[in-house]
Amino acid sequence: MIRIYKKLVRDNIPDICISNNQIPDYRVLDDEEYRRELRKKLKEETKEYLISHSEEELADIIEVVEALAKVQGVSFEKLLEIKEQKAKKNGKFDKRYFLESVKK
């Protein structure tokens with residue numbers, strides 16, 4: 001029986017398949033394909049988190065964001081620095097404000 005996936009997987013998945021007496025058919029993506037598949041993976045992981053609300057899915061989102069940052073030539077640490085700059089300027093989400101409208 002062949003199970004079709006057609007998606008980006010974590011680095012150890014082919015070895016895990018082999019250790020489970022399965023034969024993985026995979027290839028290494030070029031840069032453009034990798035970026036595209038990371039974006040798809042971000043959507044997939046976000047959707048899974050929105051359904052499950054699990055810590056594992058939330059961690060998967062971070063893993064994909066870190067990979068996307070690397071592909072874009074920015075370190076995860078730089079992303080965190082940008083996040084903190086935005087937090088200083090605009091705040092965080094701690095106060096749970098829900099903006100209904102703004103009058104001029």
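Numbers here simply count residues along the sequence, with the first being 1.
- Rounded to the nearest 0.5 Å, atoms CG (L8) and OH (Y34) are 6.5 Å apart.
- For the atom pair CZ of R39 and NZ of K43, the computed distance is 9.5 Å after rounding to the nearest 0.5 Å.
- Taking CD1 from I13 and CD from Q22, the interatomic distance works out to 10.0 Å, rounded to the nearest 0.5 Å.
- Environment of CG in D25: sparse, with no more than 12 heavy atoms of neighbouring residues, nucleotides or ligands closer than 6.0 Å.
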Next item on the list: Carefully, step by step, assess V71 and D31 under the rule side-chain contact (heavy atoms from CB on, under 4.5 Å).
Entry: CA-CA 8 Å; V71 163; D31 291 346; over 6 Å; no
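- Summarising the geometry of P24 relative to P14, their closest heavy-atom pair is CG-O, 3.7 Å, with the distance given to 0.1 Å.
- Sorted by first and then second residue, the side-chain hydrogen bond (donor to acceptor under 3.5 Å, both in side chains) pairs involving residues 9-20 (not counting sequence neighbours) are R10-D60.
- The cluster map of Ile, Leu, Val, Met, Phe, Trp and Tyr, joined by side-chain heavy atoms under 4.5 Å apart, puts I16 and Y26 in different clusters.
- Contacts of E57 classified as salt bridge (Lys or Arg N to Asp or Glu O under 4.0 Å), with partners at least two apart in sequence or in another chain: none.
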Item checked: Steps toward side-chain contact (heavy atoms from CB on, under 4.5 Å) verdict (V65, I62) -> CA-CA 5 Å; V65 168; I62 294 170; 5.6 Å; no
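- Note that CD1 of I61 and CD of E66 are 14.0 Å apart. Values are rounded to the nearest 0.5 Å.
- Between K40 and K7 the shortest side-chain heavy-atom distance does not fall below 4.5 Å.
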Check: Taking it one step at a time, do K41 and E44 satisfy salt bridge (Lys or Arg N to Asp or Glu O under 4.0 Å)?
Finding: CA-CA 5 Å; K41 182 60 79 172; E44 174 191 330; 3.4 Å; yes
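- Going from atom NZ of K47 over to atom CG of L42 covers 13.5 Å, rounded to the nearest 0.5 Å.
- Between R27 and E33 there is a salt bridge, with a side-chain nitrogen of the basic residue lying less than 4.0 Å from a carboxylate oxygen of the acidic one.
- L50 and V64 fall within a single hydrophobic cluster, where Ile, Leu, Val, Met, Phe, Trp and Tyr are joined by side-chain heavy atoms under 4.5 Å apart, directly or via other members.
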Listing, residues 74-101 side-chain donor-acceptor contacts under 3.5 Å, not counting sequence neighbours, or none:
from : atom 1 : to  : atom 2 : distance (Å)
S75  : OG     : K78 : N      : 2.9
K78  : NZ     : E81 : OE2    : 3.3

